[in-house]
Amino acid sequence: MKNINTILIANRGEIASRVIRTCRKMGIKSIAVFSEADRSAPFVEQADAAVFIGESSPAASYLDQNKIINVAKKMGANAIHPGYGFLSENVGFAKRCAAEGLIFIGPNPNAIDAMGSKSKAKSLMKKHKVPVVPGYQGKDQSIARLTKEAIKMGFPVLLKATAGGGGKGMRIVHEAAGIEKAIEAAKRESLSAFGDDELIVEKYIASGRHIEFQIFGDQHGNAIHILERECSIQRRYQKVIEESPSPVMDEKLRTKMGKAAVDAAKALDYDNAGTVEFIYDDKSGDFYFLEVNTRLQVEHPVTEEVTGLDLVQMQIESAQGLPLSVTQADIKGTGYAIEARLYAEDASNDFLPVTGTIQRFEYPAVDGLRVETAIKSGSEISVFYDPMIAKIIVHDVTRSGAMRKMQYVLRNLICQGMTTNQDFLLHLMENDDFQAGNYNTHFIANKIDLNAIAKKSVEDHALAGIAATLHGWQQREKLRTLLRAIPSGWRNNFYAPQSEDYQMGEADLKVRYRSQNKQQFDFYVGDATYATSLIIADDQIIRAEIDGIQYGFNISQNGNDYFVHNENIGNIALTQKERFPVKEAEKIAGGYETPMPSQIIKVLVKEGQEVKSGEGLVILSSMKMENTIEAVEDGVVEAVYATEGSNVEAGFLLLKLETTA
Ligand code: ADP
Ligand code: ADP
Ligand code: MG
């Protein structure tokens, strides 16, 4: 047995943090490597030592084998954990580690190599009687041969790049017409994306569910499976939600699929953590091998939550040459776990990744909640890496209990500063079919109206507008208190209706309001009036009572951009339009009205009189306070309707001013 006492983590983000946690638990020193962009990332701080390895582009840092090996040696590491992605399935790197006397925490290089190509993998599995998707994975890669095989198999077929991964390099073909063109295009894409144009042709399973088994092996020939995870909820062939156990699993199927997974592991002399992915045909109940991922999987926490095992610790132990500490008979799942991946991406815009700064990241304390994240408030989501912000995992005794918790977390989680898929994830969780476990890999495409998620009600927009306006107002108030010399905005315009204009995606939102004092406001949005009391206002929270209901709004502001979140509304982003041009236009059109029921104390101007901006026009009294309505621009008094001593309603037109622009 080789003792591991110092591990270099050749990765970043949440998975680096995850590995560091287990290192600490085991008394192993952890060494992080980091790129320019990650200098102040949490994982860098968490590691026992951290070494800069280069520019932000992966090629210059996390994929630079020389740099990583050199740092490992210099820092006295005797093992390297590759995480997932980057060098984790790079057979050259695994071999190089061994040659340099460093333990690669993963399976042996032969296993990685055997599973590195989808065609080699399928051929090997077929040989070992693991059911594979019917298809062609041969040496003859001529267009004619591939076409012939596709037609023989019957449509639809799936063309896959043998070197592909991460959901990339796949193409469905529905009919014989155009198959040659599709093959040519798939080859071109594959060559440019993976440097290899080899394809396999597979029967496309129209109603498939992605069910995968966690496998584990040691260097003593033991191999087990650690139950399944279902990962059918995908977009672009990539997982967004994973759960265990699978809603379609029963003991009989588990035994059968589990055996196939262990057979796959044995075929590879598998000696660390891996995942055997299957596609399960909903219609026939048959299942087929897809691939083996020879690394720790993104969704491994789901398995950890139902089994109580620490898969990273098990990886380290296997890499040290220790025999597995558990047998197949020991593996028992308890309860139910589900993971949702929070991404910086726009579900309503084809799931395009977005970049920006996470201004605020907080989540509620819920029993059974585990959050794996790469970020903290202030972290940047950059163009260089995966836009995953966090993995949210909940565990409960029952599936419905876990789903309820997940919904609660997704409602109350605060992640502001950019568009995320938070509302989308909640929408998925609330779907009846999803809750019934009734779904396949087409669920998002077929059952979810992506445009509906971003669409909020008129009422929700109004509430978000009120929250943003109160926030802006409060920020100005604070500034005014700091700089006492500046005259009060609200006092000066005590009766003048204020107006803020926002842009929400394509839509405009006009919010008008009058403040009676620092707590009481009347808001006018669209045709509705909202009587509003401000309860709490700080830099991140607006708590307000609006028509008798109290709301807590989480607010982040970045220049003119406001991000408003409330557990019932979800996330709404508003951009404030430039105040002044809009303001002026409105004032000219407006005239001067009473903001609330008042007595007219004094009229200070006459028709035809020239006035300057800021000059008093009318003195009003209401709620025992006297206030002066002032001109907001230079002009000539066109008409006066106010008579001294009279009592008027709110909205009474006092006078009109013609601008002298
Ligand atoms: P998994 O297959 O573990 O569930 P995905 O399917 O989401 O993971 O990821 C697809 C591929 O992209 C995998 O090879 C994974 O290693 C890689 N990948 C995912 N996220 C990241 C990341 N943050 N950094 C680097 N590689 C990643
Ligand atoms: P990757 O290496 O990109 O993860 P996989 O072979 O694991 O590629 O496939 C990714 C996803 O594509 C699967 O989870 C499944 O949703 C879909 N898929 C793959 N093969 C088939 C198939 N033969 N029929 C239907 N869907 C498939
Ligand atoms: Mg896969």
Side-chain angles (χ1 to χ4, degrees), residues 84-85 88-90 112 114-126 130-137 146 149-150 153-174 182 186 189-190 193-194 196 198-215 228-243 246 248 257 261 264 273-300 302 339 341 351 386 439-447:
Y84 54 73
S88 62
E89 295 178 278
N90 184 311
I112 299 175
M115 295 295 107
S117 133
K118 289 191 194 294
S119 61
K120 273 197 292 183
K122 276 183 85 172
S123 302
L124 181 72
M125 289 304 149
K126 234 176 133 173
V130 177
V132 301
V133 189
Y136 172 76
Q137 53 274 341
L146 293 170
E149 294 289 345
M153 179 175 327
F155 293 90
V157 300
L158 190 60
L159 304 175
K160 277 190 194 174
T162 55
K168 299 190 184 79
M170 281 188 284
R171 189 180 266 258
I172 306 174
V173 186
H174 292 279
E189 279 166 17
S190 174
F194 309 107
D196 188 334
E198 192 184 329
L199 299 181
I200 61 173
V201 188
E202 266 183 18
K203 180 94 200 128
Y204 184 69
I205 310 298
S207 186
R209 299 179 71 125
H210 176 117
I211 299 178
E212 61 184 32
F213 276 72
Q214 176 70 49
I215 54 166
E228 81 281 359
R229 295 178 289 255
E230 169 144 14
C231 321
S232 300
I233 305 294
Q234 305 179 347
R235 43 111 185 72
R236 317 171 167 194
Y237 304 112
Q238 288 174 348
K239 304 153 185 171
V240 254
I241 289 175
E242 303 97 348
E243 58 177 318
S246 159
V248 295
M257 291 183 82
T275 295
V276 185
E277 297 188 336
F278 296 100
I279 186 113
Y280 170 83
D281 188 332
D282 238 357
K283 296 280 179 291
S284 65
D286 293 331
F287 61 89
Y288 309 99
F289 170 90
L290 284 178
E291 64 167 347
V292 177
N293 293 323
T294 53
R295 54 173 161 87
L296 192 67
Q297 198 93 336
V298 175
E299 58 273 21
H300 76 277
V302 165
E339 173 181 280
R341 301 189 192 185
F351 299 100
D386 190 272
Y439 59 80
N440 62 24
T441 57
H442 306 293
F443 180 75
I444 290 173
N446 293 351
K447 296 283 176 75

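Numbering of ligands and ligand atoms starts at 1, following listing order.
Every N/O-N/O distance between Ile279 and ligand 2 stays at or above 3.5 Å. Annotation: Lys203 places an N or O atom under 3.5 Å from an N or O atom of ligand 2; distance criterion only. By the 3.5 Å distance cut-off applied to N or O atoms, Gly167 is counted among the residues near ligand 2. Any N or O atom pair closer than 3.5 Å counts here, and Ile205 shares at least one such pair with ligand 2.
A heavy-atom separation below 4.0 Å is not found between Gly208 and ligand 2.
Side-chain atoms of Ser119 and Glu198 include a donor-acceptor pair closer than 3.5 Å.
The N, O or S atom of Glu291 with the smallest distance to the Mg ion (ligand 3) is OE2. Looking at Glu277, its N, O or S atom nearest to the Mg ion (ligand 3) turns out to be OE1.
When Asn440, Asp281, Thr441 are each tested for a side-chain hydrogen bond (donor to acceptor under 3.5 Å, both in side chains) with Ser207, only one passes: Asn440. Among the candidates Arg229, Glu242, Glu212, the single residue satisfying the side-chain hydrogen bond (donor to acceptor under 3.5 Å, both in side chains) test with Gln297 is Glu212.
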Might you work through the side-chain contact (heavy atoms from CB on, under 4.5 Å) test for Tyr439 and Glu230, ending with a clear yes or no?
CA-CA 11 Å; Tyr439 59 80; Glu230 169 144 14; 3.3 Å; yes
Does Lys118 form a salt bridge (charged side-chain N to carboxylate O under 4.0 Å, His left out) with Glu202? I'd like the steps, not just the answer.
CA-CA 11 Å; Lys118 289 191 194 294; Glu202 266 183 18; over 6 Å; no
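A heavy-atom distance below 4.5 Å is found between the side chains of Val240 and Ile444.
Among the backbone and side-chain atoms of Glu212, no N/O/S atom is found under 2.8 Å from the Mg ion (ligand 3).
Each of the following atoms of ligand 2 lies closer than 4.0 Å to a heavy atom of His210: 13 (C), 14 (O). Listed by number with element, the atoms of ligand 2 under 4.0 angstrom from any heavy atom of Glu277 are 7 (O). Ligand-side atoms of ligand 2 in range of Thr441: 16 (O), range being under 4.0 angstrom from any heavy atom. Contact atoms of ligand 2 toward Val133: 23 (N) (distance under 4.0 Å to a heavy atom of the residue).
Glu291 and Lys160 are not joined by a salt bridge, as no carboxylate oxygen comes within less than 4.0 angstrom of a charged side-chain nitrogen.
Checking Lys160, Gln234, Lys118, Lys122 against atom 19 (C) of ligand 2, the nearest heavy atom belongs to Lys160. The heavy atom nearest to atom 17 (C) of ligand 2, considering only Tyr288, Phe289, Tyr237, is found in Tyr237.
Counting heavy atoms closer than 4.0 Å to ligand 2, residue Asn293 contributes nothing at all.
Put simply, CZ on Arg341 and CD1 on Ile241 are 10.5 Å apart, with the number rounded to the nearest 0.5 Å. To the nearest 0.5 Å, atom OG1 of residue Thr275 and atom CD of residue Gln214 are 4.5 Å apart. Note that CZ of Phe443 is 5.0 Å distant from CD1 of Ile233, once rounded to the nearest 0.5 Å.
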